[in-house]
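First comes the structure, then the notes that go with it.
Start at 1 and go down the list; that is how both ligands and their atoms are numbered. Nothing here was measured: the structure is a model prediction, and the numbers come from that model.
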Amino acid sequence: MFQAFLIKYGEIGIKGKNRHLFEDALIHQIKYALKPVEGEFLITKEQGRVYIEAVGPYDYEEALEHLQCVFGIVGICPVVLVEDEGLDKLAADVISYLDSRYSNKNQTFKVHTRRARKSYPLSSMEVNAILGERILEAFPEMKVDVHNPDIMVNVEIRGKINIYSDIIPGPGGMPVGTNGKGMLLLSGGIDSPVAGYMIAKRGVKIDAVYFHAPPYTSERAKQKVVDLAKIVARFSGPIYLKVVNFTDIQMYIYEKCPHEELTIIMRRYMMRIAEHFAEETNSLGLITGESIGQVASQTMQSLAATDEVCRFPVYRPLIGFDKQEIIALSEKIGTYETSILPYEDCCTIFVAKHPVTKPSLKVIRRSEQRLRENIEEMVKTAVETAETIVVEADMS
Ligand code: ATP
Ligand code: MG
């Protein structure tokens, strides 16, 4: 039924001189999102809106589903295109649109006409009045309500005439690529994929790093992280995922340091390594799925101990969220089912029975001193041997 989509965007409309950059980023992301969709699309921008026209047949449901993953889109209006063949024909087209779109005619409406083509012989007001009258004649149950109509019948006169009345919500946020890049510490858990989603929603492009500890963590645990990245990539675009072999470092910490400090010290080395990649790839910050008090390593004291080794800002978008709220978000974005698969990531293998909840920086630094003989070399090796996987979106 629909041959085009009119895309409405919010925040990016107010960005003054930067506006065209935002629009270009939005179009870039829309193109990426529509690439796997059956059909061919022509994407243009005009007068504060982006316009997607299908060239020939396409899969409507699939296109819509993909567009609903593009940050920056506030509303998606499916549009019927008709040729301009005079007012009688237009009235007939609008009536047939309403007839097929709304089985229940017992609704109020308002016609809203815009003339992008100013040479059109009638004014917008005149078109409104005439179409309104014809609609009332065709469907006597319908009533006009100019203040709060159930159905806003939009008629835009361009080369062709556009008819639409639905605004399907988009995900909001800002187009990815408009706010720099961040390095996500991505594990196989529930939280970090959601954290990546939230930061990407603010227009940040994301790369990711996963710390893998074979043979303590399986190939399937790694595959699970890749699968999670594929889901996040629906929204963020392709993700460069670094997979770091963390086994030796983890074992070394386990051997040399008090076990109750293991998680904190491990987390500090994860941050150091992540920061190395962030620097190398021009990321502007680290991103984690931590929230205050969720586990021992996420108390205020533990987070302070983690941050102490970071020169980059650490973004923790879930910091004030309860687990239930995070779970609800992960269900919404589609990562939950994968996150709860049982394969353990490296943190769950070495956890102490009674980890410190209020680590003292002095104590942690002293414990790390016990690693000084080999740790630099080990970090260097971990960085150098990291595998890079380019993860593309998987919509299935
Ligand atoms: P998640 O559900 O995201 O795994 P969690 O509640 O299990 O979080 P932790 O395991 O303590 O919490 O991890 C806190 C954060 O540290 C994670 O959100 C993630 O950003 C990072 N992290 C933990 N383990 C790894 C790992 N193996 N690789 C990469 N990042 C990790
Ligand atoms: Mg975890």
What class does the angle between the rings of Tyr58 and Phe5 fall in, given that below 30° is parallel, 30 to 60° is tilted and above 60° is perpendicular?
perpendicular
Going by the closest heavy atom to atom 4 (O) of ligand 1, which one wins out of Ser187, Gly289, Ser192?
Ser187
Can you tell me if Arg267 contacts ligand 1 (heavy atom of the residue under 4.0 Å from the ligand)?
yes
Report the C-alpha separation of Phe71 and Tyr197 in whole Å, then their side-chain angles, then the decisive distance to 0.1 Å, and conclude whether the ring pair (Phe, Tyr, Trp, His ring centres under 6.0 Å) test is met.
CA-CA 10 Å; Phe71 292 132; Tyr197 167 90; 5.2 Å; yes
Which atoms of ligand 1 are found less than 4.0 Å from any heavy atom of Thr288?
20 (O)
Before giving the answer on salt bridge (Lys or Arg N to Asp or Glu O under 4.0 Å), spell out for Glu368 and Arg272 the whole-Å C-alpha distance, their side-chain angles and the decisive distance to 0.1 Å.
CA-CA 13 Å; Glu368 281 186 357; Arg272 288 174 171 116; 2.9 Å; yes
Those atoms of ligand 1 less than 4.0 Å from some heavy atom in Ser297:
11 (O)
Polar contact flag, side-chain donor to acceptor under 3.5 angstrom, Tyr32-Glu392:
yes
For Glu290 and Arg267: C-alpha separation, side-chain torsions, deciding distance, then whether salt bridge (Lys or Arg N to Asp or Glu O under 4.0 Å) applies.
CA-CA 11 Å; Glu290 292 158 313; Arg267 186 63 38 78; 3.5 Å; yes
Is there any N or O on Phe211 that sits under 3.5 Å from an N or O of ligand 1?
yes
Any N or O of Met270 closer than 3.5 Å to N or O of ligand 1:
no
Considering only heavy atoms, which of Glu290, Gln298, Gln250 lies nearest to atom 12 (O) of ligand 1?
Gln298
For atom 6 (O) of ligand 1, state which one of Lys242, Arg316, Gln294, Lys222 supplies the nearest heavy atom.
Gln294
Salt bridge (Lys or Arg N to Asp or Glu O under 4.0 Å) evaluation trace for Lys181 with Asp207:
CA-CA 7 Å; Lys181 192 158 72 166; Asp207 288 338; 3.3 Å; yes
Please identify which atoms of ligand 1 are closer than 4.0 Å to at least one heavy atom of Leu186.
28 (N), 29 (C), 30 (N)
Only heavy atoms of Gly189, strictly under 4.0 Å: list the atoms of ligand 1 that pass.
1 (P), 2 (O), 4 (O)
Pick whichever of Val209, Val194, Asp191 has a heavy atom sitting closest to atom 5 (P) of ligand 1.
Asp191
Of the backbone atoms (N, CA, C, O) and the side-chain heavy atoms from C-beta on, which set of Thr263 has a member under 4.0 Å from an atom of ligand 1: side chain, backbone, both, or neither?
neither
For Asp84, salt bridge (Lys or Arg N to Asp or Glu O under 4.0 Å) partners two or more places apart
Arg117
Taken in chain and number order and not counting sequence neighbours, the residues that satisfy salt bridge (Lys or Arg N to Asp or Glu O under 4.0 Å) with Arg372 are none
